[in-house]
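Worksheet for the structure shown next.
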Amino acid sequence: MKKILLLSLLLFTFLASACQEQALIPAIPAPVVIAVAPYNQPTHEAQLLAGYIPREQGLASQNDLACYDELLKEKLAQTHRQYLFLTYDDLNINIQRDSKDRANVLATWAKIAQNNNADYILIPQLIDYEEKYDVGGDIFSPARLISDFFLVKAINPANDSPDGFLQARSHYKEVSFIQVNASGEDYVTPRQRLSVAYFVQESIHKMIHEFQLILK
């Protein structure tokens, strides 16, 4: 009887994990044009579509953001969809007011998509960022990354509003701290030795899976 209960519990755990790994949204029909914003990093709440800004936010450099743009392009190319890669100039518009005359960041991103004749816009944002700190192979501080990908539909399908529609969010968080073992020595895991670029790549793979972007 105990074995049966154990097997049932293991099966339930497996099924629960499988459900959690399913994509968050239905597959996007093709062909559609998906605009892709360059990586950007909000520094105050008004720039966010969701979430919050950490109190002591680590900032990525423009060179880092440019590198991740190229990595994102490379990974998206493998999905065989049609993308329109935007520049920072394309993002340089005034904050838009929605149909209720409120300043609205969602309506602003939707307007950027509309300006570029895109059906959707994919928005990659770094929320918190810090490269690992190591000296001579010793890790003193692991890399950390909190990021979001947002998929915004340019026109709200419910009412044909140009305010846009937030279709999906892919949230990623890698924050860890070095533990001390029973001998009083620092215990560093293999994952804590990885660079922040590894986690950026992992976040992109997670987003592609959750948004079902790969065309089969």
Side-chain angles (χ1 to χ4, degrees), residues 23-25 27-28 32-54 57-93 95-96 104-116 118-131 143-154 164-175 194-215:
L24 296 179
I25 64 170
I28 301 170
V32 294
V33 178
I34 303 175
V36 181
Y39 263 97
N40 57 98
Q41 186 164 24
T43 54
H44 55 81
E45 305 292 338
Q47 297 172 311
L48 293 174
L49 283 163
Y52 64 93
I53 302 293
Q57 182 185 30
L59 300 177
S61 70
Q62 288 300 316
N63 284 340
D64 290 331
L65 296 176
C67 288
Y68 303 146
D69 284 337
E70 293 304 313
L71 180 60
L72 180 59
K73 289 179 184 178
E74 175 187 328
K75 299 303 179 184
L76 288 177
Q78 298 170 15
T79 68
H80 308 295
R81 286 185 180 270
Q82 182 180 356
Y83 298 99
L84 175 64
F85 293 98
L86 306 181
T87 68
Y88 285 109
D89 288 339
D90 296 314
L91 274 53
N92 189 25
I93 69 171
I95 188 76
Q96 298 296 297
N104 191 318
V105 67
L106 174 60
T108 304
W109 283 112
K111 178 62 174 175
I112 292 171
Q114 295 157 23
N115 287 348
N116 290 278
D119 303 287
Y120 296 84
I121 183 168
L122 178 65
I123 306 155
Q125 293 189 328
L126 297 185
I127 307 302
D128 194 17
Y129 178 96
E130 192 70 38
E131 183 56 276
R144 73 175 188 270
L145 176 71
I146 300 176
S147 68
D148 278 310
F149 286 93
F150 296 100
L151 186 64
V152 170
K153 192 167 176 56
F165 176 73
L166 180 54
Q167 182 145 331
R169 175 193 185 193
S170 178
H171 183 66
Y172 181 91
K173 182 176 182 179
E174 177 64 36
V175 178
L194 298 173
S195 69
V196 71
Y198 176 90
F199 300 123
V200 171
Q201 181 167 285
E202 195 172 68
S203 72
I204 294 173
H205 284 297
K206 179 176 183 287
M207 175 273 296
I208 289 174
H209 167 70
E210 291 176 346
F211 291 179
Q212 292 202 77
L213 291 181
I214 297 177
L215 290 177

Between atom [atom1] of [X] and atom [atom2] of [Y], what is the distance when rounded to the nearest 0.5 Å?
| X | Y | atom1 | atom2 | result |
| --- | --- | --- | --- | --- |
| I121 | D90 | CD1 | CG | 8.5 Å |
| Q62 | C67 | CD | SG | 11.5 Å |
| I34 | L76 | CD1 | CG | 8.0 Å |

Considering all heavy atoms of both residues, which atom of [X] and which atom of [Y] are nearest to each other, and what is their separation?
| X | Y | value |
| --- | --- | --- |
| Y52 | E45 | CA-OE1, 3.5 Å |
| L194 | A143 | O-CB, 3.8 Å |
| E131 | V196 | OE1-N, 3.0 Å |
| W109 | N40 | CH2-ND2, 4.0 Å |
| E210 | R169 | OE1-O, 4.5 Å |

Listed by chain and number, what are the salt bridge (charged side-chain N to carboxylate O under 4.0 Å, His left out) partners of E174, not counting sequence neighbours?
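Applying salt bridge (charged side-chain N to carboxylate O under 4.0 Å, His left out) to E174 gives R191.
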
Apply salt bridge (charged side-chain N to carboxylate O under 4.0 Å, His left out) to D128 and list each qualifying residue two or more places apart in sequence or on a separate chain.
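D128 satisfies salt bridge (charged side-chain N to carboxylate O under 4.0 Å, His left out) with R144 only.
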
Out of L59, L65, N63, which residue meets the side chain to side chain contact (heavy atoms under 4.5 Å, CB included) rule with S61?
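That would be N63; it is the only one of L59, L65, N63 passing the side chain to side chain contact (heavy atoms under 4.5 Å, CB included) with S61.
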
Candidate list P42, S203, S147, test side chain to side chain contact (heavy atoms under 4.5 Å, CB included), partner L126, passing option
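For L126, the side chain to side chain contact (heavy atoms under 4.5 Å, CB included) check succeeds only for S147.
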
Relative to each other, are the rings of Y129 and Y68 parallel, tilted or perpendicular (30° and 60° limits)?
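Y129 vs Y68 ring planes: tilted.
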
Test side chain to side chain donor-acceptor pair (under 3.5 Å) applied to D69 - qualifying residues, sequence neighbours left out
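With neighbours one apart ignored, the set is empty.
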
Indicate yes or no for a side-chain donor-acceptor contact from K153 to the backbone of A110 under 3.5 Å, with no hydrogens or angles considered.
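Looks like no, no N/O pair under 3.5 Å.
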
L106 backbone acceptor or donor facing N104 side chain under 3.5 Å
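Checking the backbone N and O of L106 against the side chain of N104, a donor-acceptor pair under 3.5 Å is found.
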
